[in-house]
Amino acid sequence: MNQPQIIDDLKRVRELGLPEGCIAAGYVRNRVWDELHEYKEATPLNDIDVIYYDPKQLDEWIDIQYEKQLQSGQIGRKWQVKNQARMHEYNMDPPYQSVEDAMRYWTETATAVAIRLNDQDELEIIAPFGLSDLFEMNVKKSPYFRNTGLYRQRVFEKQWLDHWPLLLMMD
């Protein structure tokens, strides 16, 4: 896989100076599953999910400005930036207290994984449910995500079980 691209992406996010800023979801999950399936090419991403937590700045317009900064000079790549401090309203959950707390409410445990580079260029991993489901290729609903039907619909609409046949869907 394209490791220099991953490092470049992480540096771009770090340069924004977002509180708890990291790259998450399919960006991490897909790469791990591609590696475990020994795919030579990375599965194309719909977008690059960047998350952060800033309860002092809840305006969605700010996220759009961050997206524009990230997309500058990035032909064919779509960045999506979301401040997790306001996402509880959209999801009808209690207010989130951090990026890690917000990720607990994501649909699947294997998707609730994020990465970032610290100031010493060390990789940090945020994984509220650990990494075992991701690396064991278990597709499992987060215990905080209440809508089981939506969880199943999402997995089947994304065709994960067809694309990564070694995955195990768990209820």
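Quick caveat, the model's predicted, so the values are computed rather than measured.
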Check: Can you name the one residue among Ile23, Leu70, Val13 that meets side-chain contact (heavy atoms from CB on, under 4.5 Å) with Ile48?
Finding: Ile23
Check: Do the non-hydrogen side-chain atoms of Glu67 and Gln80 ever get within less than 4.5 Å of each other?
Finding: yes
Next item on the list: State, with a plain yes or no, whether a side-chain heavy atom of Arg14 is found less than 4.5 Å away from one of Asp121.
Entry: yes
Next item on the list: Find out whether Lys78 and Gln71 are in side-chain contact, i.e. whether some heavy atom of one side chain is under 4.5 Å from a heavy atom of the other.
Entry: yes
Margin query: Run Asp101 and Arg104 through salt bridge (Lys or Arg N to Asp or Glu O under 4.0 Å) and show every step you take.
Written below: CA-CA 5 Å; Asp101 184 42; Arg104 285 183 179 94; 3.6 Å; yes
Next item on the list: Using a 4.5 Å cut-off on heavy atoms from C-beta on, say whether the side chain of Arg116 contacts that of Ile126.
Entry: yes
Note to self: Hydrophobic clusters here meaning ILVMFWY residues chained together by side-chain heavy-atom distances under 4.5 Å, can you tell me if Ile7 and Val32 are in one?
What the structure shows: yes
Checklist line | CG-CH2 distance between Asn91 and Trp106, expressed to the nearest 0.5 angstrom | finding: 10.5 Å
Next item on the list: Determine, using the 4.5 Å side-chain heavy-atom cutoff (strictly less than), whether Tyr27 and Val139 are members of one ILVMFWY cluster.
Entry: yes
Margin query: Taking the side chain as everything from C-beta on, heavy atoms only, tell me whether Val81 gets closer than 4.5 Å to Gln65.
Written below: no
Next item on the list: Return yes if a side-chain donor-acceptor contact under 3.5 Å exists between Asn30 and Tyr39, otherwise no.
Entry: no
Note to self: Would a single hydrophobic cluster contain both Leu168 and Val113, if residues Ile, Leu, Val, Met, Phe, Trp and Tyr are joined by side-chain heavy-atom contacts under 4.5 Å?
What the structure shows: no
Margin query: Side chains of Tyr52 and Asp63 only: does a donor on one sit below 3.5 Å from an acceptor on the other?
Written below: yes
Item checked: Reported CE-to-CH2 distance for the pair Met169 and Trp160, which is rounded to 0.5 angstrom -> 9.0 Å
Item checked: Heavy-atom pair with the smallest gap, counting every atom of His88 and Tyr96 -> N-CE1, 3.4 Å
Notebook entry, point to check: So which heavy atom on Asp49 is nearest to which on Ala25, and how close?
Noted result: OD2-CB, 3.6 Å
Check: Under 4.5 Å between side-chain heavy atoms, hopping through other hydrophobics if needed: is there a path connecting Tyr66 to Val99?
Finding: no
Margin query: Please report the interatomic distance CD(Glu108) to NZ(Lys141), rounded to the nearest 0.5 Å.
Written below: 10.5 Å
Margin query: Determine whether a donor-acceptor pair (N or O, by modelled atom type, separation under 3.5 Å) exists between the side chain of Asn83 and the backbone of Ala85.
Written below: yes
Note to self: Taking the side chain as everything from C-beta on, heavy atoms only, tell me whether Val50 gets closer than 4.5 Å to Lys82.
What the structure shows: no
Check: If we only count heavy atoms from C-beta on, is the Ser142 to Thr107 side-chain gap below 4.5 Å?
Finding: no
Check: So, are Arg12 and Asp9 salt-bridged, with charged N and O less than 4.0 Å apart?
Finding: no
Next item on the list: Nearest 0.5 Å please: distance from the CG atom of Leu36 over to the CD atom of Glu136.
Entry: 10.5 Å
Next item on the list: Establish whether Ile125 and Trp33 are linked, either directly or via other cluster members, by ILVMFWY side-chain heavy-atom contacts under 4.5 Å.
Entry: yes
Check: Do you know which two heavy atoms are closest between Ile51 and Ala24, and how far apart they sit?
Finding: CD1-CB, 3.9 Å
Notebook entry, point to check: Just by distance, with hydrogens left out, do Trp164 and Asp34 show a side-chain donor and acceptor under 3.5 Å apart?
Noted result: yes
Next item on the list: Using a strict cut-off of less than 4.0 Å between a Lys/Arg side-chain nitrogen and an Asp/Glu carboxylate oxygen, indicate whether Arg86 and Asp54 qualify as a salt bridge.
Entry: no
Notebook entry, point to check: What distance separates Leu10 CG from Leu123 CG, expressed to the nearest 0.5 Å?
Noted result: 6.5 Å
Notebook entry, point to check: Any side-chain heavy atom of Glu124 within less than 4.5 Å of one from Ile115?
Noted result: no
Notebook entry, point to check: Going through the checks in order, is the ring pair (Phe, Tyr, Trp, His ring centres under 6.0 Å) test met by Tyr151 and Phe145?
Noted result: CA-CA 8 Å; Tyr151 152 72; Phe145 190 79; 7.6 Å; no
Check: At their closest point, which heavy atom of Pro165 faces which heavy atom of His37, and how far apart are they?
Finding: N-NE2, 3.4 Å
Check: Distance under 6.0 Å and angle within 45° of the ring axis: does Arg154 meet both against Phe156?
Finding: no
Notebook entry, point to check: Between atom CE of Met87 and atom OH of Tyr105, what is the distance when rounded to the nearest 0.5 Å?
Noted result: 14.5 Å
